[in-house]
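Reviewing the structure listed below.
Values in this document were obtained by computation on a predicted structure and should not be read as measured data. Counting convention: from 1, in listed order, for ligands and their atoms alike. Position 1 is the first residue of the sequence, and the numbers go up from there.
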Amino acid sequence: MNGIVERFNKLLDLSMDYLEDGVRKEHHGNEAKPEIIEEDSLDRVESEIAACSRCRLCENRIKTVPGKGVLHPKVMIIGEGPGAEEDKTGIPFVGKAGQYMDKWMDAIDLRRDRDLFIGNIVKCRPPGNRDPHPDEIDACRGYLDRQIRILKPSLILTVGRIAAQVLIGSSNGIGRLRGRMYDYKGIPLIPTYHPSGVLRNPESYRKPVWEDLKAVRKFLDSL
Ligand code: URA
């Protein structure tokens, strides 16, 4: 049996040589094996998240919420973390805030199934919708960065204070951070308020959010 495998491998080596440069080379069976660099993929990140126990948020989750949308989206929206509806379904921004955010997107002609990838800073629901703790954010950060690298969005839109602070690397409040464009690892980033904040206080936040959404549209139209 071993003899057959050896002969087959030798044959394979010979045909590879001819394919590569048409010259037969000597093979001694001790050449360094080429390093195989596996390409990262969204599915791979998603299955790692599904099995993740890097922080305490895994203890109470019903489902992980890895994020959802198209590859190479025009906009990658990044929120804070799943709420109760998202924890039940595994889909980001499907509760009240998410339905409201869909209307924002509609207003600037962006659709989940065509233009967007929607994700969060942390992929498991913080109990009682509390803010994610710094160590939970750190534990989850690698997944988000891999997703961004794979997705290559044209623009990142962060919603809410936490996502803006984490990705901009600032402790300023969202009122100070919004209103300009940043760069996150070569990708333009626009921060705005969280839809749940706007639902709670539309008088204060509707207008600035609309300014930010217009900036998103203007940027996309300039590409
Ligand atoms: N709020 C968030 O920040 N993310 C969700 O997925 C849902 C609500």
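- Of the charged side-chain nitrogens involved, at least one lies within less than 4.0 Å of a carboxylate oxygen, so that Asp212 and Arg178 count as a salt-bridged pair.
- Just one residue in the list Ile162, Val159, Ile148, Leu157 forms a side-chain contact (heavy atoms from CB on, under 4.5 Å) with Ile78, and that residue is Ile148.
- The His194 neighbourhood of ligand 1 comprises atoms 1 (N), 2 (C), 3 (O), with distances under 4.0 Å to a heavy atom of that residue.
- Close approach of ligand 1 to Glu80 is summarised as follows: ligand atoms under 4.0 Å from at least one heavy atom of the residue are 2 (C), 3 (O).
- A salt bridge links Asp109 with Arg114: the closest approach of a Lys/Arg side-chain nitrogen to an acidic carboxylate oxygen falls below 4.0 angstrom.
- Scanning all protein heavy atoms for the shortest distance to atom 8 (C) of ligand 1 gives Phe93 CE2, 3.8 Å.
- Ligand 1 has no atom lying under 4.0 Å from any heavy atom of Ala97.
- Side-chain atoms of Met76 and Tyr184, non-hydrogen and from C-beta on, never get closer than 4.5 Å to each other.
- In terms of protein heavy-atom proximity, atom 4 (N) of ligand 1 is closest to Asn120 OD1, 2.7 Å.
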Query raised in the report: Please walk me through it: do Phe93 and His194 pass ring pair (Phe, Tyr, Trp, His ring centres under 6.0 Å)?
Result: CA-CA 11 Å; Phe93 281 97; His194 196 283; 5.7 Å; yes
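- When each atom of ligand 1 is checked for a heavy atom of Gly79 under 4.0 Å away, the hits are 3 (O).
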